Q: 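The following block contains the structure, expressed as structure tokens.
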Amino acid sequence: MSAPVATAGRGRSCPLAYRHQASDLARPPAFTCTTLYVVGGLYGNRAALDAVRARAAHELAAPQVVFNGDFHYLDADPANFAGIADGVAGQRATLGNVEYALTAAAEVGCGCNYPDYVPDETVTRSNLVVDRLRDVARAFPEHLTELAELPRHLTVAVGGHRIGIIHGDPESLAGWRLALEAVEPADHAVRELTGWHGTPTTAGVLSDWFRRAQVDVLACTHTGLPYAQDLTVDDRPRLVINNGTAGLGNFTGEPFGVLTRVSSLTGAPPDSLYGTDLGELRCDAIPLRYDLRRAVEDFQKTWPAGTPVHTSYLTRLHRGTGLRRAQAARLSR
């Protein structure tokens, strides 16, 4: 069966099934834990998956891990795909746009819901990746059934605090309103880097989401650039924390992934990139220092020179993005 023509338009689609509300998070927690890892955007990097396990082994108490979407993506090779599927099996997970796209009609493309400031060539490349990934995934029908049954979000309790885990934003599985470039106060360098234009996400919008969701932390991914931003809502500290990607470089010249750690154990972990305390809750961005050589080898076997995403993603694996680490720490405390 031939793959559909990969046009940019398909990757900008926003299916009605993506829609949810912030109030959907205002439900009893799915589980309670002492330490939580939120791992978004693994992107099919098996070395990064192993690094999650290795980092978890350093905790005093075993953390609960939630893969909040896009754990598949660049693993368009049967062995790599199986490795990611097996690694996520039995763990907590929520749906990302890639997993949704694997279980939906091909017309959604990559399902990224890219805003119009993202170049067409980026959207087209993503469509091509998911079209190929969809062909590989057909050989794993049981896993596809599991993906189709994943929740779109989770609410978790850590040390008496409620954590809302989403993929995109509180209104859409693949929403971009929690992208670093969209959130106020504006970082004009980031907006220039991304080409952003549109309606900003103000403190008023964030406050409304926190009130309706009844959470202290919104942990998200999807939009590619990590950051943590705190604010006060109704005299209570709140936090938005986006881990960028766990399976690719995130900062200029720093080729490692990022995961979000939330814990009721006091004190910043020694490897924290940046973080903050919300009362007795500690929240940090943690570097995911995977075996870069292995990650590059896996990537180049699947996406050798001449394939559509070879240069763009190989560059990000080696060099990260144009974001400086200091730009990600948008914290007042």
Side-chain angles (χ1 to χ4, degrees), residues 12 14 18-26 38 40-41 68 112-119 122 153 161-245 250-252 258 260 262 273-279 281 283-285 321-333:
R12 298 193 193 275
C14 183
Y18 278 9
R19 304 299 297 172
H20 52 79
Q21 300 295 325
S23 56
D24 293 336
L25 293 166
V38 183
N68 61 325
C112 299
N113 187 28
Y114 281 116
D116 60 4
Y117 61 84
V118 175
T122 298
H153 44 73
H161 293 260
R162 290 169 52 85
I163 317 301
I165 302 173
I166 51 181
H167 183 71
D169 66 38
E171 296 183 351
S172 174
L173 173 72
W176 285 73
R177 298 187 71 190
L178 288 179
L180 173 56
E181 61 267 26
V183 175
E184 294 285 318
D187 183 324
H188 296 291
V190 170
R191 290 186 173 179
E192 183 176 355
L193 173 69
T194 59
W196 181 88
H197 57 82
T199 302
T201 304
T202 65
V205 170
L206 292 177
S207 296
D208 179 62
W209 282 339
F210 276 108
R211 289 188 185 104
R212 290 194 286 133
Q214 298 178 26
V215 296
D216 298 303
V217 177
L218 282 170
C220 60
T221 182
H222 179 58
T223 56
L225 297 180
Y227 72 96
Q229 178 169 324
D230 59 354
L231 67 160
T232 300
V233 181
D234 300 333
D235 298 321
R236 188 180 180 101
R238 316 289 180 122
L239 182 73
V240 176
I241 186 163
N242 185 325
N243 80 299
T245 62
N250 290 270
F251 304 110
T252 302
V258 174
T260 293
V262 180
L273 297 169
Y274 48 85
T276 190
D277 296 306
L278 302 184
L281 188 72
C283 305
D284 292 275
T321 72
L323 183 70
R324 291 177 290 105
R325 194 189 299 185
Q327 292 173 288
R330 296 160 60 95
L331 300 167
S332 62
R333 56 175 68 85

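Numbers here are sequence positions counted from 1. These values consider heavy atoms only, across backbone and side chains, with no hydrogens, waters or symmetry-generated copies. Since the model is a prediction, treat every value here as computed from it, not as a measurement.
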Q: Donor-acceptor pair, distance only, cut-off 3.5 Å: does the side chain of H167 make one with the backbone of H153?
A: no
Q: Ignoring hydrogens, what is the shortest heavy-atom contact between L331 and A228? Give both atom names and the distance.
A: CD2-O, 3.6 Å
Q: Taking only residues two or more places apart in sequence or in another chain, which ones pass salt bridge (Lys or Arg N to Asp or Glu O under 4.0 Å) with D234?
A: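 Applying salt bridge (Lys or Arg N to Asp or Glu O under 4.0 Å) to D234 gives R211.
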Q: Please list, chain by chain and in numerical order, all residues satisfying side-chain hydrogen bond (donor to acceptor under 3.5 Å, both in side chains) with N242, sequence neighbours excluded.
A: T223
Q: Test of understanding: with side-chain hydrogen bond (donor to acceptor under 3.5 Å, both in side chains), list the residues that count as partners of S332, not counting sequence neighbours.
A: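 S332 satisfies side-chain hydrogen bond (donor to acceptor under 3.5 Å, both in side chains) with D230 only.
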Q: My understanding is that only residues two or more places apart in sequence, or in another chain, count here; which of them pass salt bridge (Lys or Arg N to Asp or Glu O under 4.0 Å) with D284?
A: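 Expected list: R282.
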Q: For E192, check salt bridge (Lys or Arg N to Asp or Glu O under 4.0 Å) against everything at least two apart and list the hits.
A: none
Q: Sort and list the pairs that fulfil salt bridge (charged side-chain N to carboxylate O under 4.0 Å, His left out) and have at least one residue in residues 215-224, not counting sequence neighbours.
A: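 Passing the test, one end in residues 215-224: D216-R236.
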Q: Check whether any side-chain heavy atom of T194 lies under 4.5 Å from a side-chain heavy atom of L225, and answer yes or no.
A: yes
Q: Run the side-chain hydrogen bond (donor to acceptor under 3.5 Å, both in side chains) test against R324 and tell me which residues pass, sequence neighbours left out.
A: none
Q: Using a 3.5 Å distance criterion without hydrogens, assess whether the side chain of S23 forms a donor-acceptor pair with backbone atoms of A213.
A: no
Q: Suppose we screen for side-chain hydrogen bond (donor to acceptor under 3.5 Å, both in side chains). Which residues come up paired with R238, at least two apart in sequence or across chains?
A: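 side-chain hydrogen bond (donor to acceptor under 3.5 Å, both in side chains) check on R238 returns nothing, list empty.
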Q: Check residues 173-183 and write down every donor-acceptor pair under 3.5 Å in which the side-chain atom is one partner and the other belongs to a residue at least two apart or another chain.
A:
residue: W176; atom: NE1; partner: C112; partner atom: O; Å: 3.1
residue: W176; atom: NE1; partner: N113; partner atom: O; Å: 3.1
residue: W176; atom: NE1; partner: H222; partner atom: NE2; Å: 3.1
residue: E181; atom: OE2; partner: Y117; partner atom: OH; Å: 2.7

Q: Under the side chain to side chain contact (heavy atoms under 4.5 Å, CB included) test, which residues partner A285, sequence neighbours left out?
A: V258, L273, Y274
Q: Could you walk me through whether L323 and N250 satisfy the side-chain contact (heavy atoms from CB on, under 4.5 Å) test, starting with their C-alpha distance in whole Å, then the side-chain angles of each, then the deciding distance to 0.1 Å, before giving a yes or no?
A: CA-CA 7 Å; L323 183 70; N250 290 270; 6.0 Å; no
Q: Stepwise, does the side-chain contact (heavy atoms from CB on, under 4.5 Å) test hold for R19 with E171?
A: CA-CA 6 Å; R19 304 299 297 172; E171 296 183 351; 4.1 Å; yes
Q: Of the non-hydrogen atoms in V215 and G164, which two are nearest, and what is the gap between them?
A: CG1-N, 3.8 Å
Q: Any side-chain heavy atom of R191 sitting closer than 4.5 Å to one from P200?
A: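 Yes - at least one pair of side-chain heavy atoms lies under 4.5 Å apart.
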Q: I'd like to know if the side chain of D208 reaches the main chain of V205, judged simply by a donor and an acceptor atom lying under 3.5 Å from each other, with no hydrogens or angles considered.
A: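 Checked: no pair found.
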Q: With no hydrogens and no angle check, is any side-chain donor or acceptor of N243 less than 3.5 Å from a backbone partner on T260?
A: no
Q: Do R330 and D187 make a side-chain contact, defined as non-hydrogen atoms from C-beta onward lying under 4.5 Å apart?
A: yes
Q: Take L281 and V217 through the test side-chain contact (heavy atoms from CB on, under 4.5 Å) and record every step on the way to the result.
A: CA-CA 10 Å; L281 188 72; V217 177; 4.0 Å; yes
Q: Considering all heavy atoms of both residues, which atom of F210 and which atom of L239 are nearest to each other, and what is their separation?
A: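 Heavy-atom minimum between the residues: CZ-O, 3.4 Å.
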Q: Run the salt bridge (Lys or Arg N to Asp or Glu O under 4.0 Å) test against R162 and tell me which residues pass, sequence neighbours left out.
A: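 Partners of R162 by the salt bridge (Lys or Arg N to Asp or Glu O under 4.0 Å) criterion come out as none, since no residue qualifies.
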Q: Determine which pairs satisfy salt bridge (charged side-chain N to carboxylate O under 4.0 Å, His left out) with at least one residue from residues 194-203, sequence neighbours left out, and list them in order.
A: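 Pairs touching residues 194-203 that pass the test: none.
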Q: Donor-acceptor check, side chain of Q229 to backbone of E184, threshold 3.5 angstrom: yes or no?
A: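 Present.
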Q: What's the verdict on side-chain contact (heavy atoms from CB on, under 4.5 Å) for W209 and T201, showing C-alpha distance, side-chain angles and the deciding distance?
A: CA-CA 11 Å; W209 282 339; T201 304; 3.9 Å; yes
Q: What are the two closest heavy atoms between G322 and L193, and how far apart are they?
A: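 The pair with the smallest heavy-atom distance is C-CD2, 3.9 Å.
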Q: Minimum heavy-atom separation for G168 and C220, please, with both atom names.
A: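 Heavy-atom minimum between the residues: O-CB, 3.7 Å.
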Q: Hey, are the side chains of L218 and L25 touching, using non-hydrogen atoms and a 4.5 Å cut-off?
A: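 Sidechains of L25 and L218: in contact.
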Q: If you look at every heavy atom in S207 and L231, which pair is closest and at what distance?
A: OG-CD1, 3.9 Å
